[in-house]
Structure formats: C-alpha cells, structure tokens
Amino acid sequence: MRYLTSGYKKDADQLLNGAMFDVAYDEMVIVKDIEVFSLCEHHMLPFFGKCHVAYIPNGKVIGLSKIPRLVDMYARRLQVQERLTTQIAETINAKISPKGVAVVIEAKHLCMIMRGVEKQNSTAVTSSMLGDFKDNQNTRNEFLNLLHNRS
Ligand SMILES: [Zn+2]
C-alpha cells in the first residue's frame with residue numbers, strides 16, 4: 001500500500017527539475033499507451049489501463065521519459081480517473097505553458113468488474129483538453145486520429 005500511494009511523496013517540480021528544455025519544435029508531441037495502475041479512492045480497488053498524452057510546445061518541451069513518470073506520480077495515489085486525467089494535463093500546462101495539452105485515459109475498474117454492475121469488458125474513457133486541443137477541432141481530430149491508428 002505504501003508503494004501504491006508513493007505518489008504523495010513526490011511533486012511535479014522535483015520530478016521535472018532539469019528535464020524541461022528550450023526547443024524550437026512546435027509540432028504535436030504524443031506519448032501514447034502509457035500503462036496506468038491506480039487505486040480508486042471510493043473502493044480502494046485498482047483501476048488500470050492506458051494513458052495518452054499530447055501537447056504542442058510553445059518554446060519548451062519536457063524530457064519524453066518524464067511524461068510516464070508524471071503519470072505514475074499521480075496514479076500512485078488514491079484517485080478518481082477524472083481527477084487523474086485533469087492533474088496530468090494541468091501540470092504540463094503549468095510547467096511549460098504549451099499551446100495545448102490533451103490527456104486521455106482508458107481504464108478498467110475492478111470496482112465495476114468485481115462488484116456493482118459486474119461488467120467485465122467495459123472501459124471508462126476520460127479526457128482533458130486544454131488550449132488548442134480545446135479550441136481547435138482540427139488539432140483535436142489530429143490527436144484522436146493518431147491515437148486510433150494503432151499499427
Ligand atoms: Zn471504485
């Protein structure tokens with residue numbers, strides 16, 4: 001349990017310290033299929049799945065390996081999927097002020113599978129879209145198309 005909640009002992013400043021770089025690149029950066037394991041705060045049961053993160057830099061990028069670590073930091077806490085999604089997006093937004101950020105999480109919840117509605121194959125999908133991803137339909141579609149082209 002201590003490990004599963006070890007994200008409380010970390011903070012984004014410490015995690016991203018020294019891993020933000022000035023770069024002229026201004027196309028979409030996507031890190032997809034990041035494995036997520038978290039615990040639902042209502043039932044203390046796991047939920048797990050994939051997280052996809054995209055942003056459009058505005059002069060700064062985050063070291064690519066730090067994005068899964070940021071996801072882990074927030075996932076290793078008692079969570080609700082909606083909040084987890086928003087926290088990842090808002091942290092990236094605050095740290096590098098990109099033109100836009102998008103986070104999508106697709107997860108299965110043991111609290112839905114083992115109890116309650118007992119639906120074995122349902123997946124909960126949450127998203128947080130900020131900046132260009134919120135305001136520009138083309139940008140959002142480009143991101144969603146890239147996610148669904150699984151080759
Ligand atoms: Zn639950």
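Ligands are counted one by one from 1 in listed order, and the atoms in each one are counted from 1 as well.
Residue Leu84 comes nearest to Val71 through the heavy atom pair CD1-O, 4.3 Å, listed as atom of the first residue, atom of the second, then distance.
Residue pairs that meet the ring-ring contact (aromatic ring centres under 6.0 Å, His included) test with at least one member in residues 92-116, sequence neighbours left out, are Phe47-His109.
Listed by chain and number, the residues in a side-chain contact (heavy atoms from CB on, under 4.5 Å) with Lys10 are Met73 (sequence neighbours excluded).
Around the Zn ion (ligand 1), the protein N, O or S atoms closer than 2.8 Å are Cys40 SG, His43 ND1, Cys111 SG, listed by chain and residue number.
Through side-chain heavy atoms spaced under 4.5 Å, either directly or across other Ile, Leu, Val, Met, Phe, Trp or Tyr residues, Val80 is tied to no other residue.
Using a 4.0 Å cut-off between a side-chain N of Lys or Arg and a carboxylate O of Asp or Glu, Asp13 and Lys95 qualify as a salt bridge.
Met28 and Met20 sit in two unconnected hydrophobic clusters of ILVMFWY residues. Membership requires side-chain heavy atoms under 4.5 Å apart, directly or through other members.
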